[in-house]
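Contents: one structure, followed by commentary.
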Amino acid sequence: MSERPPISPRSPRAALEPEQLPPPPKRSDRARNPFVIVGNAIFTILIILMIGAGATYYYGKQALESPGPLQEDKIVNIPARAGKRDIADVLSREGVINVNPWVFIGGVFALKASSDLKPGEYSFQKNASLRDVIATIVDGKVVQHAITIPEGLTSEQIVTRLSDNDIFTGSVREIPREGTLLPETYKFPRGTTRDQVIQRLQQAQKRVLAEIWERRNTDTPLKSPDQLVTLASIVEKETGRADERSRVAAVFVNRLRQRMKLQSDPTIIYGLVGGKGTLGRPIKRSEITQPSPYNTYVIDGLPPGPIANPGRASLEATANPARTRDLFFVADGTGGHAFTETYDQHAKNVAKLRASEKQIQNDTVEPADDPAPAAATPGADTNPTATTPKPTNQKKPPRGRQGAAQQTNSPPVVQR
């Protein structure tokens, strides 16, 4: 029988104390290797970076693709020389984006568009995402504003219109030569200089004039493109009706062939006021015979230059006038004109116009102290034209209304 070790009695305090544990095992030499420590640190950092990159990618994708706050399409102007932070502030202020500016900047870097952001006026679509917004600015497809230059304006009047339009910048250095601008509808981005606009109108006029001159009727007595523009400007001021242009042109071409004075009222006005375009009052009888290089009641043939800027339709009508023998035309009271070959029939048409005007005046309630221009019949232009060319070897016919159907503010000729 084996012997048991003797029991050594302990005090209660000693009995409560834990028995001494063995010391922990020593770390291996490999664990204490500095390369292992550095490797573990690098691995840990890589894991953290991968998690961060994944989170950033997810958040960035959401920020780029999520619908934007715009409730409807909106036009926003990105000023010139604006930095990325400035652009972000503008877009945020206009409600195009609702993200932190740094998110916008991050999106620009992510899309590699840092150097491609262009200033200008852009149209952003409803709910455009951040990606769409950045792509719009990168593409540089700025808003194009449609600008209409009406036919029959003088160069001075056109320059005034451009000066009053706030989408353009700069000033026009000099008034372009009359007849060198093509009236038409053009599109320009905001910030275009006015000189650039003038250059574009001049280039368009040169191109169109060259095309029309090549297709002209060579039987007309017009010897140069400049003469074509001059006569077309008179036609432009005489009628605004498309169906009459070639016939009005024929009257003047026939008169040139017969060496008759053109006798066009708009040339009187241009001789008096030049580029201002409108007289602002009736033509006086004394002004009909007042000498002027442009007054075709006084001079023979064409005036020295255009009296306005004719449109494409008037240029084409003048280059290819109707084949008629008409030498006269007068307003017919319905917004058009009555054309005739003889002076006697022309005089009858003038008398008919006078009777029509008198009837309209009689139907007017309590005429004013100073007789106003006779009102046009329903559906007629507010200023029926009435250049009434006459042969120089015949009695002067009663005068009708001043030409330029498009100039609705042009007054009738005063009867003395």
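Not a single donor-acceptor pair under 3.5 Å links the side chain of R161 to the backbone N or O of I158. Judged by distance alone, the side chain of D326 and the main-chain N or O of F328 form no donor-acceptor pair under 3.5 Å. With hydrogens and angles ignored, the 3.5 Å screen pairs a side-chain donor or acceptor of R194 with a backbone N or O of L162. Listed for the T239 side chain is a donor-acceptor partner under 3.5 Å among the backbone atoms of R241. Listed for the T193 side chain is no donor-acceptor partner under 3.5 Å among the backbone atoms of G170. With hydrogens and angles ignored, the 3.5 Å screen pairs a side-chain donor or acceptor of T230 with a backbone N or O of D226. Using modelled atom types, one side-chain atom of D86 and one backbone atom of G83 make a donor-acceptor pair closer than 3.5 Å. Put simply, the side chain of N295 never gets that close to the backbone of T267: no donor and acceptor are under 3.5 Å apart. A donor-acceptor pair under 3.5 Å is formed between the side chain of Q157 and the backbone N or O of T154.
The distance from atom OG1 of T318 to atom CG of L231, rounded to the nearest 0.5 Å, is 5.0 Å. Note that CD1 of I87 is 11.0 Å distant from NZ of K118, once rounded to the nearest 0.5 Å. To the nearest 0.5 angstrom, T342 atom OG1 is 9.0 Å from L327 atom CG. Here the CD-OG distance, from E238 to S233, works out to 10.0 Å after rounding to the nearest 0.5 Å. One distance of note links OG1 of T289 with CD1 of I268; it measures 9.0 Å at 0.5 Å rounding. To the nearest 0.5 Å, the span separating OG1 on T324 from CG on N254 amounts to 5.0 Å.
Salt-bridge annotation for R281 and E287: present, with a side-chain N of the basic residue lying under 4.0 Å from a carboxylate O of the acidic one. Taking 4.0 Å as the cut-off between side-chain N and carboxylate O, R215 and E316 count as a salt-bridged pair.
Remark: aromatic rings of F168 and F188 are close, center separation under 6.0 Å.
A donor-acceptor pair shorter than 3.5 Å can be found between the side chains of S314 and E236.
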For residues 299-312, please give each side-chain donor-acceptor pair under 3.5 Å, one per line with the distance, not counting sequence neighbours.
from	atom 1	to	atom 2	distance (Å)
D300	OD1	K261	NZ	3.0
N309	OD1	G179	N	3.0
N309	OD1	T180	N	3.2
N309	OD1	L181	N	3.0
N309	ND2	L153	O	3.0
N309	ND2	S155	OG	3.3
N309	ND2	E178	OE2	3.3

Distance-only donor-acceptor hits, side chain of residues 133-150, under 3.5 Å, sequence neighbours excluded:
from	atom 1	to	atom 2	distance (Å)
T136	OG1	D132	O	2.9
H145	NE2	E121	OE1	2.5
T148	OG1	T185	OG1	2.9

Pair up each side-chain donor or acceptor in residues 68-76 with any protein partner under 3.5 Å, not counting sequence neighbours, and list the distances.
from	atom 1	to	atom 2	distance (Å)
Q71	NE2	P69	O	3.1
D73	OD1	K126	N	2.7
K74	NZ	E94	O	2.8
K74	NZ	E94	OE1	3.1

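Under a cutoff of 6.0 Å and an axis angle of 45°, R257 and F252 do not form a cation-pi pair.
For the pair F329 and E244, the minimum side-chain heavy-atom distance is 4.5 Å or more. Contact annotation: the side chain of T220 never approaches that of L228 to less than 4.5 Å [non-hydrogen atoms, C-beta and beyond]. Within the 4.5 Å cutoff, no side-chain heavy atoms of L272 are placed close to those of Y294.
Pairing each heavy atom of N217 with each of R323, the nearest pair is ND2-NH2, 3.7 Å. Pairing each heavy atom of A250 with each of A322, the nearest pair is CB-O, 3.3 Å. Here the shortest heavy-atom pairing between G275 and Y270 reads N-CE1, 4.1 Å.
Surrounding CZ of R85 are more than 12 heavy atoms belonging to other residues, nucleotides or ligands, all under 6.0 Å away.
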